[in-house]
Amino acid sequence: MKKRILIVDDKPTIAKIINVYISELYDCTYYEDPVTAIAWMLEGNRPDLIITDLNMPKMSGVEFIDYIKKNNLFDNIPVVILSSEDSTSQKIALLEKGASDYISKPFNPLELKARLKKILN
């Protein structure tokens with residue numbers, strides 16, 4: 001059975017690119033904002049890993065990560081940040097909050113695939 005990856009990004013193009021490169025290994029579910037993604041998870045859906053952007057409508061990626069890491073139902077799900085924000089201090093802060101990895105956009109899809117494989121194995 002394939003592992004499930006939740007992609008949360010307000011740009012559908014990013015989700016499509018990710019899906020093209022990883023769909024043979026993983027089942028991907030996509031939402032444009034964290035609020036809808038959380039609702040989906042609260043319905044009993046549990047991804048094996050979450051890929052999230054930081055700058056999104058309704059709830060920022062930082063708030064989303066805080067929610068995930070403070071919720072006992074989801075706190076052990078690895079979170080990979082995929083963002084155009086390239087501040088070293090922000091990367092460090094998010095890794096300290098519990099993010100498993102931080103990849104800057106534009107990203108190499110093959111590098112993303114390798115990093116996901118490493119986290120999930």
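All values below come from the heavy atoms of this structure, side chains included, with hydrogens, waters and symmetry mates left out.
In the hydrophobic clustering, where aliphatic and aromatic side chains (Ile, Leu, Val, Met, Phe, Trp, Tyr) are joined below 4.5 Å either directly or transitively, Ile92 stands alone. In the hydrophobic clustering, where aliphatic and aromatic side chains (Ile, Leu, Val, Met, Phe, Trp, Tyr) are joined below 4.5 Å either directly or transitively, Ile68 groups with Leu6, Val8, Tyr31, Val35, Ile38, Trp40, Met41, Leu42, Ile50, Leu54, Met56, Met59, Val62, Phe64, Ile65, Tyr67, Leu73, Phe74, Ile77, Val79, Ile81, Leu94, Tyr102.
Considering all non-hydrogen atoms of both residues, Pro78 and Ile119 come closest at CB-CG2, 3.6 Å. For the pair Pro57 and Asp33, the tightest heavy-atom approach, listed with the atom from each and the gap, is O-CB, 3.9 Å.
From Lys70, atom NZ reaches atom NZ of Lys97 across 6.0 Å, with rounding to the nearest 0.5 Å. One distance of note links NZ of Lys2 with CG of Asp48; it measures 13.0 Å at 0.5 Å rounding. Here the straight-line distance linking atom OH of Tyr26 with atom CD1 of Ile51 works out to 9.0 Å at 0.5 Å rounding. Between the CD1 atom in Ile22 and the CD1 atom in Ile7 there is a gap of 5.0 Å [rounded to 0.5 Å]. Atoms CG and OG1, from Asn45 and Thr29 in turn, are 7.5 Å apart once rounded to the nearest 0.5 Å. Atoms CG and CD, on Asp53 and Glu85 in that order, are 8.5 Å from each other to the nearest 0.5 Å.
Arg115 has its side chain out of reach of Ser100: every pair of non-hydrogen atoms, C-beta onward, lies at least 4.5 Å apart. Considering only heavy atoms from C-beta on, Phe107 comes within 4.5 Å of Ile18 through its side chain. Using a 4.5 Å heavy-atom cutoff, the side chains of Leu120 and Leu25 are not in contact.
Leu95 and Leu49 fall into different hydrophobic clusters, defined by Ile, Leu, Val, Met, Phe, Trp and Tyr side-chain heavy atoms under 4.5 Å apart, directly or through other members.
Around the NZ atom of Lys105, the shell of radius 6.0 Å holds more than 12 heavy atoms that belong to other residues, nucleotides or ligands.
A donor-acceptor pair is defined here as one N or O able to donate and one able to accept, closer than 3.5 Å; such a pair exists between the side chain of Tyr30 and the backbone of Asp9.
A salt bridge does not link Glu32 to Lys58: none of the charged nitrogens lies less than 4.0 Å from a carboxylate oxygen.
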